Amino acid sequence: MSSADPPNASPDAVKHSRYTFRQLHLLRQGSTATPLRAIAHIDLDAFYAQCEMVRLGTDRDTPLAVRQWDSLIAVNYAARPSGITRMVTTAEARKLCPNIILQHVATFREGEGGRWAYRDDSFKNIRTDKVSLDPYRAESRKILKTMKEELEQWSSEAVDEEIQSLTLGLSACLEKAGIDEVYPELRQNLQDDNRDAELPPPPTTAIPWDARDSLIELDKHEREEDDPDWDDVVMQIAAEIVRSVRTAVWNQLHYTCSAGVARNKMLAKLGSACNKPNAQTIVRNRAVQFFLNGYKFTQIRMLGGKLGEQITSDFGTEQVIDLLGIPYEQLRAKLDDHTATWLYGVIRGEDRSEVNPRTQIKSMLSAKSFRPSINSVEQAEKWLHIFAADIYGRLVEDGVLENRRRPRVITLYHRVAQSRSRQIPIPGSSKIDEDLLFELAKKLLGQVVAEGQAWPCSNLSLSVSSFEDGVSKNKAIEGFLVRGDQAKVISQSTRIREIDSTSKEALPAEKKRRVDGGGIKRFFTHSPFPGDSSSALVGNESPQPADQDLTNVPSGDFEPTLSQYTCDRCSKVIPEDGREEHDDWHFAKDLELQDRQEAISIQQQSQQQTPPHSARGISTRGRGGRGRGKPERGQKRLFFQ
DNA sequence: GCGCCAACT
DNA sequence: GGAGTTGGCGC
């Protein structure tokens, strides 16, 4: 908490914010360019270790590490004071901490198909077992779901996510979370000529930071006593949202995580690592340079590898602060233009990279390294069976059975001296199953062997990639086409994702708000402003006219309730109050697919006489459409209940 | 299409 | 540091 009582509240009433209406407007649009943007990076603490703690029901202060053969791949925070790190062997770990739990990862075993299991003897079976990370993927999905649900309490915007570390795009979310409801002075309708006017100062002289947040100290020439500006307000709201997400993950699933909140991804990421475990760190804009000065630039994203090494040798330092003294021209003398420009900005806290709004996996790989190497096709094919089973299982989770998604390419990697890879298309007409994957892998192996020098092989892996979306049932397209007017508009747009988010604008305003008594509201007494949130700050520069029309998508009979339902199209469990937007998502997807299928069928008809939907699509073959938690991969059910 | 790099546990 | 994954970029 900064000191509460400001010297003189406001003798100087003409003071302005450093920010303009335009910049606030950019925030609303999710622009990466506005200094009012806030990004959070949420990172699970020693994730694999926590998964095992939850699964085994051990408590916070029982030392535990996750073992893979004779090494450790994750060490929980209770074990770290003993000096245990990931670089320690299991024997050393036991010596350092006799009571540590060393839990081996789950494995697949030769001859047991695609079923992984936790086994007491897996560490002795490096020759026949293959590591499975499925349990962690499953936990990861649960956590992501919890985070999303919590964020939906704050906003109707889509959540952007990564897998184990989660970057949340909060800019639009923040705005929706109430900034222009709590601060009506920002709701002024603007003409073109005053978008560059300064904002009024925020109606406060101290930000109500949560005492549990770690605030990075301000830059040298900044003072805590100075009045805050809108960027500080935005950060505080972001911090509050992040805290609620972290709390939800803890309450519902018992995972702790750490978070960084800052104006961009790079700073948020660095911030999230500052106070681990289980804490959040705020890097205010006025604290950025002080924050970065203490770092080696090799800790900044993209500089951890060869590029960082090269820069270190070019300039004889690893310190950000030393690099700050080097003029741009000298950076450019050693680095290519793009890199020099990026580096110059990044050490000054500038990073405009976007949060990628993506959740779907792009490839799946199953791999094994051999020590000792293997020397025959027979040996290799045993592993191909395991790889095929592993990948197939994951494809099922991803919705191949329901034709939700399917990969188009399969690749075999093979290493003797150097690594090589061979890939072939997965025939679009075929049903993907374990056998097909195995047969394709075998064919690829055949190619590799035919080229010679295939043995001794030290590494083999199989992956599928180039996923495409499919449909599960037919009903949707016609059903949704009743909304014919919108259909015309949408089908002309090529960017489905924009449709996805803008269509949500039509949701009722009540849903977007959650201003509880304790948070922002306690400080500012203006009452919320229900209703037309869409008109407030939207200027004249809307870039996608087609999208604007989508705000007319009818919102139908929206019923606020806390219950959930299972989408009959994709089997996802959706909170009831997210039904509308979920349906809209399918609607947009269907149109996209329809367009594509039309294109394909036209193409096909002109080439040969193949009926458009003959081969694949639409079938719900298999276990009567039960999407998840199928008994044959049922071990999952036993753990993590 | 393939190789390479970076990141993470 | 090794093993197992994922994603992105460049040619």
Side-chain angles (χ1 to χ4, degrees), chain A residues 41 43-52 64-77 79-80 84-90 92 103-108 116 122-123 126 129-137 139-140 161-167 265-266 269 272-273 276 298-310 336 338-339 342 353-354 356 358-371 383 386-387 390-391 394 398 407-415 418-425 444 447-448 458-467:
Chain A
H41 184 271
D43 196 51
L44 275 295
D45 303 319
F47 180 56
Y48 292 179
Q50 278 204 87
C51 288
E52 297 302 342
L64 179 150
V66 180
R67 171 178 191 181
Q68 180 174 282
W69 316 128
D70 262 326
S71 48
L72 305 183
I73 56 171
V75 178
N76 77 356
Y77 281 83
R80 294 188 187 193
I84 295 171
T85 67
R86 284 207 324 252
M87 275 168 291
V88 138
T89 65
T90 51
E92 289 162 341
Q103 173 60 53
H104 200 281
V105 294
T107 57
F108 299 106
W116 51 260
S122 47
F123 63 94
I126 188 168
D129 284 13
K130 146 131 191 56
V131 163
S132 172
L133 301 179
D134 276 1
Y136 309 135
R137 292 190 189 99
E139 288 301 280
S140 177
E161 60 194 49
E162 295 171 7
I163 292 299
Q164 277 138 23
S165 58
L166 185 79
T167 306
K265 268 168 75 168
M266 183 263 307
K269 173 106 194 272
S272 69
K276 278 185 151 272
T298 48
Q299 292 178 253
I300 294 174
R301 196 172 62 120
M302 308 302 304
L303 295 176
K306 296 199 172 180
L307 176 59
E309 252 173 63
Q310 193 211 319
D336 69 67
H338 184 266
T339 309
W342 174 81
S353 58
E354 293 176 39
N356 43 352
R358 177 214 61 248
T359 192
Q360 290 181 320
I361 242 87
K362 295 201 166 165
S363 66
M364 291 176 187
L365 174 135
S366 187
K368 175 76 181 176
S369 35
F370 307 113
R371 21 166 287 237
W383 290 104
I386 293 181
F387 296 161
D390 178 11
I391 289 172
R394 290 195 253 158
D398 203 48
R408 278 188 297 231
V409 177
I410 184 167
T411 309
L412 184 79
Y413 303 83
H414 175 272
R415 190 164 77 216
Q418 324 109 307
S419 64
R420 279 186 303 176
S421 66
R422 283 284 165 276
Q423 59 186 211
I424 44 173
L444 287 164
Q447 291 180 15
V448 170
S458 62
N459 191 284
L460 203 57
S461 63
L462 188 67
S463 90
V464 293
S465 55
S466 296
F467 280 80

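Just so it is clear, the model here is predicted, and its values are computed rather than measured. Values below: all heavy atoms of this structure, side chains included; hydrogens, waters and symmetry mates excluded. In what follows, chains carry the letters A, B, and so on, assigned in the order in which the sequence lines appear, proteins first and then strands, with residues in each chain numbered from 1.
Taking atom CD1 of residue A/Ile84 and atom P of nucleotide B/dT9, one finds them 18 Å apart after rounding to whole Å. Separating the CZ atom of A/Phe47 from the C1' atom of C/dT5 is a distance of 13 Å, rounded to the nearest angstrom. In this structure, the CZ atom of A/Arg301 is 10 Å from the C1' atom of B/dA6, given to the nearest Å. Distance A/Met302 CE to B/dA7 P: 6 Å, rounded to the nearest Å. Residue A/Phe467 contributes atom CZ, which lies 12 Å from atom C1' of C/dT6 at whole-angstrom precision. Between the CD atom of A/Gln299 and the C1' atom of B/dA6 there is a distance of 16 Å, given to the nearest Å. Rounded to whole angstrom, the span from the CD atom of A/Glu309 across to the P atom of B/dC5 amounts to 11 Å. Rounded to whole angstrom, the span from the CG atom of A/Asp43 across to the C1' atom of B/dT9 amounts to 11 Å.
Of the candidates C/dG7, B/dC4, B/dC5, C/dG7 carries the atom nearest the A/Ile361 side chain, counting heavy atoms from C-beta on. Looking at the side chain of A/Lys306, the nearest of the listed nucleotides C/dT5, B/dC4, B/dA6 is B/dA6.
In summary, the side chains of A/Ser272 and A/Asp43 do not present any donor paired with an acceptor at a separation below 3.5 Å, with no hydrogens or angles considered. Using a 3.5 Å distance cut-off with no hydrogens or angles, the side chains of A/Tyr136 and A/Gln50 do not pair a donor with an acceptor. In this model, no donor atom of one side chain and acceptor atom of the other lie less than 3.5 Å apart for A/Ser71 and A/Gln68.
Between the side chain of A/Arg80 and the main chain of A/Val75, a donor-acceptor pair closer than 3.5 Å is present.
Of the side-chain N and O atoms in A/Arg394, one or more sit less than 4.0 angstrom from OP1 or OP2 of C/dT6. Between A/Lys362 and C/dT6 there is no side-chain polar atom (N or O) within less than 4.0 angstrom of OP1 or OP2.
Using a 4.5 Å cut-off on side-chain heavy atoms (C-beta onward), A/Ser122 and A/Asp129 make contact. Counting heavy atoms from C-beta outward, A/Ile126 and A/Arg371 have side chains that approach closer than 4.5 Å. Using a 4.5 Å cut-off on side-chain heavy atoms (C-beta onward), A/Ser366 and A/Lys130 make contact.
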Protein-nucleotides 2-4 of chain C N/O pairs closer than 3.5 Å?
residue: C/dA3; atom: O4'; partner: A/Gln68; partner atom: NE2; Å: 3.0
residue: C/dG4; atom: OP2; partner: A/Ser369; partner atom: N; Å: 2.8
residue: C/dG4; atom: OP2; partner: A/Ser369; partner atom: OG; Å: 2.8

